[in-house]
Amino acid sequence: MNLAALHAWNLTPPQAIALQRELAQRIDVTPRLPLDAVRYVAGADISYDRFSNWLYAAVIVLRFPELTIVEIAEAQGEVPFPYVPGLLSFREAPPLLQAFARLTTVPDVVMIDGQGIAHPRRFGIACHLGLWLQLPCLGCAKSRLIGTFAEVGETRGSWVPLMHGAAEIGAVVRTKARTRPVYVSPGHRLDLASAVTLTLATHGGYRIPEPTRLAHGRVNQIRRENRKSTT
DNA sequence: GCGACAG
DNA sequence: ATCTTGTCGC
């Protein structure tokens with residue numbers, strides 16, 4: 001699929017922060033995205049090699065609401081940027097975009113393992129990818145980056161808003177009973193309610209929704225297959 | 001100054 | 001993120 005080359009990636013942390021403040025102004029989290037408007041949902045993730053600076057990326061497209069695999073695109077390369085809380089996209093977006101570029105099926109919405117606007121500058125990796133892909137994108141993280149929230153109901157489907165001061169930046173969602181909640185936030189071209197609805201609609205029996213869960217499994221599989229052996 | 005801190 | 005099999009609990 002086609003991507004929008006918005007900027008260079010070889011930046012220093014200070015430059016990256018300045019770019020986030022600039023690009024954050026283009027983010028739109030007001031559109032509703034009805035489930036009946038979704039035919040294909042994509043999930044993407046990254047896996048790192050413990051002994052080298054090599055990483056693996058994968059994008060997996062699922063037909064919705066069946067959640068059956070339609071297509072998988074992959075990419076791998078050197079880790080381009082250090083891990084700095086708040087600057088994750090400069091580390092993971094380049095390889096992910098490479099994988100997306102190899103994708104034939106254009107998804108209606110993309111789910112990323114990380115934050116959307118639930119970010120100090122309202123520009124998490126789901127926002128960054130949303131701009132480059134020019135597609136609705138949401139973040140579904142396993143842990144919190146910023147924000148405060150009340151206790152979440154114990155039943156599957158219950159959720160509470162994730163707040164940053166007076167701003168509602170996301171939702172803490174119980175995707176499964178007796179399991180820790182996930183942190184959902186819109187990245188671009190869809191609102192919070194739609195992001196939460198899609199997260200619950202792509203449930204496959206596990207805490208992590210199928211798009212992201214399957215992508216995670218795929219990248220780890222690729223890493224194991226390419227990992228050097230002492231023989 | 002002291003914590004917190006997506007993956 | 002990564003290191004790692006079995007095991008305790010729902």
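Just so it is clear: chains get the letters A, B, ... in the order the sequence lines come, proteins before strands, and each one is counted from 1. Remember, predicted model here, so these are calculated numbers, not experimental data.
- Inter-residue side-chain proximity for A/R174 and A/T155 is flagged as unmet; no heavy-atom pair is nearer than 4.5 Å.
- A/Q115 comes within contact range of at least one nucleobase, with a heavy-atom separation under 4.0 Å.
- Taking the six-membered ring for Trp, A/W132 and A/H188 have ring centres at least 6.0 Å apart.
- Side-chain contact between A/S47 and A/N220 is present, with at least one heavy-atom pair separated by less than 4.5 Å.
- For the segment residues 120-127 of chain A, residues with any heavy atom less than 4.0 angstrom from an atom of DNA chain B are, sorted by number, A/G124, A/I125.
- For A/R156, the CZ atom sits in a packed shell: over 12 heavy atoms of surrounding residues, nucleotides or ligands are nearer than 6.0 Å.
- Whole-Å rounding puts the A/Y183 OH to B/dA4 P distance at 15 Å.
- For B/dA6, the OP1/OP2 oxygens have a side-chain nitrogen or oxygen of A/Y83 closer than 4.0 Å.
- Computed from coordinates, the A/R91 CZ to B/dG7 P distance equals 12 Å when rounded to whole Å.
- Using bins of under 30°, 30° to 60° and over 60° for the plane-to-plane angle, the ring pair A/F81/A/F90 lands in the tilted bin.
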With side chain to side chain contact (heavy atoms under 4.5 Å, CB included) as the criterion, how do A/R26 and A/L6 come out once you've worked through the C-alpha distance, each side chain's angles and the decisive distance to 0.1 Å? CA-CA 12 Å; A/R26 306 188 199 177; A/L6 302 174; 3.8 Å; yes
Stepwise side chain to side chain contact (heavy atoms under 4.5 Å, CB included) check, A/R91 with A/Y48: CA-CA 11 Å; A/R91 181 181 174 80; A/Y48 301 87; 3.1 Å; yes
Solution key, residues 139-147 of chain A side-chain donor-acceptor pairs under 3.5 Å, sequence neighbours excluded:
from	atom 1	to	atom 2	distance (Å)
A/K142	NZ	A/D113	OD1	3.1
A/K142	NZ	A/D113	OD2	3.0
A/R144	NH1	A/G147	O	2.9

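- Nearest-nucleotide assignment on DNA chain C puts the 5′-proximal partner with A/N220, out of A/R178 and A/N220.
- Along DNA chain C, the stretch of nucleotides lying under 4.0 Å from any heavy atom of chain A spans, 5' to 3', C/dA1 to C/dC10.
- The side-chain heavy atoms of A/I46 and A/L96, taken from C-beta on, include a pair separated by under 4.5 Å.
- In terms of modelled atom types and a separation under 3.5 Å, the side chain of A/T212 and the main chain of A/P209 share no donor-acceptor contact.
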Taking distance alone, no hydrogens or angles, what donor-acceptor pairs closer than 3.5 Å link side-chain atoms of residues 71-79 of chain A to residues at least two apart or in another chain?
from	atom 1	to	atom 2	distance (Å)
A/E71	OE1	A/T104	N	3.3
A/E71	OE1	A/T105	N	2.8
A/E71	OE1	A/T105	OG1	2.6
A/E71	OE2	A/T104	N	2.8
A/E74	OE2	A/R218	NE	2.5
A/E74	OE2	A/R218	NH2	2.6
A/Q76	OE1	A/W54	NE1	2.7
A/E78	OE1	A/N53	ND2	2.9

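- Remark: A/A141, A/K142, A/S143, A/R144, A/L145 in residues 131-168 of chain A come within less than 4.0 Å of DNA chain B through at least one heavy atom.
- Residue A/I112 is classed as having no contact, given no heavy-atom separation below 4.0 Å to the nucleic acid.
- For the pair A/L33 and A/S194, the tightest heavy-atom approach, listed with the atom from each and the gap, is N-OG, 2.9 Å.
- Among the pairs that DNA chain C forms, none builds a region of at least three successive Watson-Crick or G-U pairs under 3.5 Å.
- Across all their heavy atoms, A/A101 and A/L3 have their closest contact at CB-CD1, 4.0 Å.
- As a whole-Å value, the separation of A/N53 CG from B/dG7 C1' is 16 Å.
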